[in-house]
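Some notes on the structure that comes next.
In what follows, every chain begins at residue 1, and chains take the letters A, B, ... in the order their sequences are listed.
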There are 2 protein chains.
Amino acid sequence: MPWQWLLLVNGYSMMARRSSEDKKERILDAATVEIARRGYHQTSVAVIARRAGVADGTIYLYFKNKEEILVSLFTRALGRFIAQGKDKLAGLPDAVAKLRAIVDLHLTLVGQDRDLAIITQVELRHSLHFLEELSRAQVGEYLGVIAGVVAEGAASGLFRRDLDPMLAAKAVFGVLDEMATDWVLSRRNTRLEAKAPEVAALVLGMVGANGPAA
Amino acid sequence: MPWQWLLLVNGYSMMARRSSEDKKERILDAATVEIARRGYHQTSVAVIARRAGVADGTIYLYFKNKEEILVSLFTRALGRFIAQGKDKLAGLPDAVAKLRAIVDLHLTLVGQDRDLAIITQVELRHSLHFLEELSRAQVGEYLGVIAGVVAEGAASGLFRRDLDPMLAAKAVFGVLDEMATDWVLSRRNTRLEAKAPEVAALVLGMVGANGPAA
DNA sequence: TGTATAAATGAATGACTATTCAGTATCCTA
DNA sequence: TAGGATACTGAATAGTCATTCATTTATACA
C-alpha cells in the first residue's frame with residue numbers, strides 16, 4: 001500500500017530530524033490539512049494522529065484537548081503574520097504607503113496557503129465563544145495597528161479628518177476579510193494577491209485618499 | 001414550576017391558533033433561540049423540540065435532518081430581508097441614495113434580532129461545504145444587486161468609472177458584514193443602525209462618491 | 001358515531017469519538 | 001550495562017445524540 005508507506009516514511013524521516021519538539025509542529029501541520037478538508041467537527045483526533053504519524057494518546061501530551069489544537073493553529077499562523085508584517089511596515093514614509101502595504105500583506109499571506117486560509121476564514125469561526133476569544137485577544141491587536149495608520153493619515157491630512165479610526169479600521173478589515181473568504185470559496189486557482197492594487201484603491205478611497213486606481 | 005408552565009401555555013396557545021402549519025415556524029423560532037445561545041453543534045435536536053413544545057420525532061416530519069433546520073433558518077431570514085428591501089430600493093433616484101439605503105437596510109435588519117444575527121454572523125459559517133452553498137445561491141443574488149447599483153453609479157458618473165462592479169460589491173458587503181459581526185461580538189447593547197450614516201460615508205468614499213460624512 | 005387518513009409521539013437504536021491510562025519502548029546517566 | 005526517568009502507544013471507556021418507527025392521538029368525512 002504505497003500511500004500508507006509514504007506517510008510512514010515521511011513520519012520517520014521527520015522524526016529523525018528533531019524527534020522531540022517538532023512533533024508538536026507535525027501534529028499542527030496534520031491538523032491543518034485534515035481540518036481544512038473535512039471541517040473541524042468532522043475531523044476526529046484519530047485521523048489527525050494518523051496523518052501526523054503518532055498515536056492518538058500522543059496528541060494529549062502536547063495539547064489539552066481537541067479545541068486547543070485549533071487555537072494553537074491560529075496562534076502560530078498569527079505569529080508568523082505579525083513577524084512578517086512588522087518590518088515591512090516600519091520603513092514606509094506615509095499612511096498611504098502603509099495602508100497599501102497592509103492590503104498587500106494581508107492578501108499575500110492569506111493567499112499563501114489555502115489549507116490554512118480555509119481554517120482562518122471558515123473553520124475558526126465555529127462558535128460565538130470561540131470567535132469572541134480570537135476577536136478580543138488577537139484580531140484586536142491587528143485592528144489597532146490599522147486604526148493607528150488611519151489616525152496617522154487623518155492627522156497628516158492625507159485621509160479625511162473626520163474619520164473614526166477604529167470604525168474605519170474595522171471597515172478596512174472587513175474588506176480584506178471578505179476578499180479572503182471569497183477567494184477561499186471560489187475553487188478557481190487565481191492568486192489572491194493579484195487583487196491587491198485594486199483592493200488598495202478601494203480601501204484608500206474609503207479613508208478619503210484619492211489616488212488613481214493602482 | 002412557572003418557567004415550564006409558560007412554555008407549555010405558550011405552546012398550546014400557538015397550537016390553538018393555527019395548529020398545523022405554524023408548527024414549522026415554532027420549530028424554527030425555537031431553533032433560533034437555542035442555536036444562538038449554545039451554538040449549532042452543542043444544540044441537540046431534543047432541546048429544540050422541547051422549546052418548540054413538540055416531540056423529537058415531530059421535527060423530522062418538517063425537516064429532513066438537523067442541518068436542514070439551519071438552512072431553513074437562513075432562507076426564511078433572507079426571504080424577509082429581500083421582501084423588505086425590494087420596495088425600499090425601488091423608488092430611489094440615484095445610485096448614491098440606493099447605496100445609502102442598502103447600508104441602512106442591512107444594518108437595520110441585522111440589528112433587529114440579536115439571536116438571528118448570531119446565527120447569520122457566526123453559526124451559519126460552520127463548514128466550507130455549508131458556506132459554499134449559501135454563498136453561491138443566496139448571497140450571490142444579494143451581491144448582484146449591489147453590483148448593479150455600483151455599475152449604475154459608475155455609468156452615471158456619480159461613482160468612479162474604473163470600478164469592477166463585482167469586486168466593489170464584495171468590498172461593500174465585506175464592510176457591512178464586518179460591522180454586523182463586530183456588533184454581535186460586542187456585548188454592549190448599542191443599536192447597530194446608529195452607525196449607518198458613518199458607514200455609508202465610508203462605503204460611498206470607496207466607490208468614489210465624495211459626499212460629506214453624514 | 002365509526003372508520004380511514006394524517007399527524008404526532010418518544011423510547012430504543014446505532015454510530016461515532018474525545019479522552020484516559022496501564023503498559024511498552026526509548027533515552028540518559030552513573 | 002543497570003535502572004530510573006521520560007515519551008509514546010492504542011485498546012477500552014464513557015458519553016452523546018441524530019434518527020427511526022411501532023404506537024397512539026387527532027382529524028375529516030360518511
5'-most by nearest nucleotide on DNA chain C - B/D56 or A/Q42: B/D56

Closest listed nucleotide, where the reference is the side chain of B/A55 and the choices are C/dT19, D/dC17, C/dG10: C/dG10

Selection from C/dA18, D/dT19, C/dA8 that lies nearest to any side-chain heavy atom of B/V45: D/dT19

B/K195 atom NZ, over 12 foreign heavy atoms within 6.0 Å: no

Separation of [X] atom [atom1] from [N] atom [atom2], in whole Å?
X	N	atom1	atom2	value
A/K24	D/dC8	NZ	C1'	17 Å
A/I27	D/dC8	CD1	C1'	11 Å
B/E34	D/dC17	CD	C1'	15 Å
B/Y40	D/dT16	OH	P	19 Å
B/E67	D/dC17	CD	P	18 Å
B/L61	D/dC21	CG	P	13 Å
B/K66	D/dT16	NZ	P	14 Å
A/H41	D/dC17	NE2	P	12 Å

B/H41 and A/Y40 side chains, donor-acceptor separation under 3.5 Å: no

Polar side chain donor-acceptor pair, B/Q121 to B/T181, under 3.5 angstrom: yes

Between [N] and [X], is there an OP1 or OP2 to side-chain N/O distance shorter than 4.0 Å?
X	N	answer
A/T58	D/dT9	yes
A/Y60	C/dC21	no
B/K23	C/dA8	yes

Ion pair check, B/K170 and A/E178, cut-off under 4.0 Å: no

Gap separating the CD atom of A/Q112 from the CD atom of A/E193, nearest 0.5 angstrom: 7.5 Å

